[in-house]
Asker: 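Provided herewith is a single structure, encoded as structure tokens, for subsequent inquiry.
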Amino acid sequence: MLSVFEAFALTQQHRLTLPTEIVSLADADGRVLRNAVYADRDFPPFDRVAMDGIAIRFADYQAGQREFRIVGTQFAGQPQQTLSEANTCLEVMTGAMLPVGVDTVIRYEDVNISAGQATITIGDIEKGQHLHPRATDRRAGDELLPVGTRLGPSELAVAASVGQTQLTVTTLPHVALISTGDELVDVGDAPLPYQIRRSNTYMLRAALKSLGIQATLHHIVDNEAILKDRLATLLSENDVLILSGGVSAGKADFVPDVLAQLGVQKHFHKIEQRPGKPLWFGTATNKTVFGLPGNPVSTVLCAYRYVLPYLRASLGLTSLPTRYAQLAEDATFKPTVTYFLPVRLTSEPDGRILAHPLPGSGSADFANLLAADAFMELPVERSKFGAGEAFQVWETVR
Ligand SMILES: Nc1nc2c(c(=O)[nH]1)N[C@H]1C(S)=C(S)[C@@H](COP(=O)(O)OP(=O)(O)OC[C@H]3O[C@@H](n4cnc5c(N)ncnc54)[C@H](O)[C@@H]3O)O[C@H]1N2
Ligand code: MOO
Ligand SMILES: [Mg+2]
């Protein structure tokens, strides 16, 4: 059976090639940039006043001058003014161009103004203070947003400031989330004693929303012919199918056979891990299928450990930085498979991130995940894990 590492690598080797599209700045939130964005001007584009107050020549101050006659006001949004007379000043507003002939700003809080005269009331003035000099942040032509950037609030502000009314981004894939199983009824239905309401596809839809993907929801009963017919249609209409259930050893677990009949090439079925052992992964020409095990905790784990990283990579995003936490208490797990232990993370005053084990009662105990915010990946070759040891964690709340 495949290791977690091998299975993950196989998914990443078969990432989708998604085309680009152009969207308006207003619609670009959360999308992945595919053309880099450059500075069209210096940042800031002029010597910018950083405090409301007066602007003086530092040489006058150095020569002992403390009283300055106010000869005008430089507002933000006005062309640059000039101060030509010694021992005078201009009032200046935050965001204004620094007038020609001055080099130092003194805040209103540090001057007394009366009868058109500003008198400095503090002793400590530095040349160039309260200025944001041109090009100190970025230079015209600098790359501001590289390809692969996820466009969040800061990125959109930068794009707006350089005049990008439109941005080239990765086209979002069409994703269908498909629950399978005769025991499953819809959320609004009253289940009979042998039925349960379906929940996995709602979890998956929420998880995919974190990548900006709006997936559609479907349900298919445990009938091989119907499954084949519905999956053929869904495959033709979507880039990615994410199934839940029907991939294990049961007599109604038709998913692997039906996918083979439909020409989806299997890359793996089953991983040395718990939960989520029966995960199925395959591709057809520019189509991807994940068959997630139906037990809800398995579905969540497989979504965060394989499916979301796969979709991130397909969108052109860099992978998330690896995150670690320290076990808050000893943990034991006997079988020689990688164990994904549900944990609650806490941030300690000394800077440590602690992982508090929440083993729960197995891969069907999804109520247990309400208290968890990550899975800790405990290595396959060991069965005892000590308090204080650090291991990788996969967060489920992003
Ligand atoms: N003989 C064996 N039996 C099982 C094995 C095995 O290796 N040999 N593997 C077990 C493991 S591990 C898992 S995980 C499950 C996987 O089962 P399937 O993927 O075939 O899923 P189902 O049989 O359809 O359902 C399993 C379980 O999950 C519930 N379920 C399914 N879909 C949903 C949904 N959308 N929302 C909520 N709950 C769902 C379903 O009712 C079942 O209780 O197989 C073990 N068996
Ligand atoms: O892998 Mo299964 O996920 O233990 O129930
Ligand atoms: Mg089954």
Side-chain angles (χ1 to χ4, degrees), residues 1-4 7-8 175-189 191-208 215-224 226-227 230-231 234 241-260 266 268-282 289-307 333-342 358-370 372 375-378 380 394 396:
M1 221 185 295
L2 283 185
S3 68
V4 169
F8 183 80
V175 181
L177 306 174
I178 308 153
S179 53
T180 66
D182 284 349
E183 75 281 24
L184 303 173
V185 300
D186 209 350
V187 183
D189 295 340
L192 295 167
Y194 49 86
Q195 296 176 324
I196 59 165
R197 293 190 186 89
R198 44 183 176 265
S199 55
N200 286 346
T201 40
Y202 296 98
M203 180 283 294
L204 290 168
R205 181 169 66 181
L208 263 58
T216 56
L217 264 55
H218 311 269
H219 179 69
I220 309 181
V221 293
D222 286 329
N223 173 299
E224 192 166 356
I226 296 173
L227 185 67
R230 293 279 313 277
L231 287 186
L234 287 167
L241 303 189
I242 305 174
L243 290 120
S244 118
V247 291
S248 191
K251 288 198 165 165
D253 289 339
F254 303 122
V255 167
D257 278 353
V258 165
L259 288 169
K266 179 182 87 176
F268 65 78
H269 184 197
K270 297 191 175 117
I271 310 171
E272 275 179 345
Q273 64 176 28
R274 187 181 296 168
K277 170 186 139 192
L279 177 64
W280 192 99
F281 172 72
V289 182
F290 284 94
L292 308 188
N295 271 329
V297 181
S298 309
T299 312
V300 175
L301 182 270
C302 290
Y304 282 95
R305 183 65 179 85
Y306 301 99
V307 179
F333 183 72
K334 283 273 158 57
T336 50
V337 301
T338 302
Y339 178 42
F340 289 94
L341 171 67
L358 296 166
S361 64
S363 59
D365 180 8
F366 63 114
N368 181 51
L369 296 184
L370 296 173
F375 288 92
M376 179 168 255
E377 186 168 337
L378 296 175
V380 63
W394 297 85
T396 53

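Counting starts at 1 for both ligands and their atoms, following the listed order. These numbers come from the heavy atoms of this one structure, side chains and all, not from hydrogens, waters or symmetry mates. We count residues from 1, following the sequence as given.
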Asker: Hey, does Thr201 come in under 3.5 Å of ligand 1, counting only N/O atoms on both sides?
Answerer: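 No.
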Asker: How close does the nearest protein non-hydrogen atom get to atom 1 (O) of ligand 2, and which residue and atom is it?
Answerer: Gly276 N, 2.6 Å
Asker: Using a 4.0 Å cutoff against the non-hydrogen atoms of Ser298, which atoms of ligand 2 qualify?
Answerer: 1 (O), 2 (Mo), 3 (O), 5 (O)
Asker: When you measure from atom 34 (C) of ligand 1 to every protein heavy atom, which one gives the shortest distance, and what is it?
Answerer: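 That would be Asn200 ND2, 3.2 Å.
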Asker: Tell me which part of Pro275 gets within contact of ligand 2: side chain, backbone, both or neither, using heavy atoms under 4.0 Å.
Answerer: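 Under 4.0 Å from ligand 2, Pro275 contributes backbone and side-chain atoms.
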Asker: Classify the contact between Val247 and ligand 1 as side chain, backbone, both or neither, using a heavy-atom distance cut-off of under 4.0 Å.
Answerer: both
Asker: I want to know if ligand 1 touches Gly246 in the polar sense, i.e. an N/O pair below 3.5 angstrom.
Answerer: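 Yes, at least one N or O pair falls under 3.5 Å.
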Asker: Which bit of Leu184 is near ligand 1, meaning a heavy atom under 4.0 Å away: side chain, backbone, both or neither?
Answerer: side chain
Asker: Below a 4.0 angstrom heavy-atom separation, can you tell me which part of Arg274, side chain or backbone, both or neither, approaches ligand 2?
Answerer: side chain
Asker: For the residue pair Phe8 and Tyr306, categorise the inter-ring angle as parallel (less than 30°), tilted (30 to 60°) or perpendicular (more than 60°).
Answerer: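 Correct class here is tilted.
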Asker: Under 4.0 Å from a heavy atom of Glu183: give me the atoms of ligand 1 that qualify, with their elements.
Answerer: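 Numbered from 1, ligand 1 contributes 40 (C), 41 (O), 42 (C).
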Asker: Looking at ligand 1, does any of its N/O atoms fall within less than 3.5 Å of an N/O of Arg197?
Answerer: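 Looking only at distances, the answer is no, because the N/O contact criterion of under 3.5 Å is not met.
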Asker: Hey, is Ser248 touching ligand 1 through its side chain, its backbone, both or neither, going by heavy atoms under 4.0 Å?
Answerer: both
Asker: Once you restrict to heavy atoms under 4.0 Å, what part of Ser179 touches ligand 1? Side chain, backbone, both or neither.
Answerer: side chain
Asker: Should Lys277 be counted as touching ligand 1, given the test is an N or O pair under 3.5 Å?
Answerer: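 There is such a contact, yes.
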Asker: Does only the side chain of Pro278 get under 4.0 Å from ligand 2, or the backbone, or both, or neither? Count heavy atoms.
Answerer: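 Side chain only.
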Asker: Is ligand 1 under 4.0 Å from a heavy atom in the side chain of Ile196, in the backbone, in both, or in neither?
Answerer: side chain
Asker: Could you measure the distance from the CZ atom of Phe340 to the OG atom of Ser298? Nearest 0.5 Å is fine.
Answerer: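 Nearest 0.5 Å value for the CZ-OG distance: 11.0 Å.
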Asker: Should you measure from each heavy atom of Asp253, which atoms of ligand 1 turn up under 4.0 Å away?
Answerer: 20 (O), 23 (O)
Asker: For ligand 1, which atoms sit closer than 4.0 Å to a heavy atom of Arg198?
Answerer: 35 (N), 36 (N)
Asker: Check each atom of ligand 2 against the heavy atoms of Lys277 and keep those under 4.0 Å away; list them by number with element.
Answerer: 1 (O)
Asker: Sub-3.5 Å donor-acceptor pair from the side chain of His269 to the main-chain atoms of Val247, do we have one?
Answerer: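 At least one qualifying donor-acceptor pair exists.
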Asker: Just which atoms of ligand 2 are under 4.0 Å from any heavy atom in Ser363?
Answerer: 2 (Mo), 3 (O), 4 (O), 5 (O)
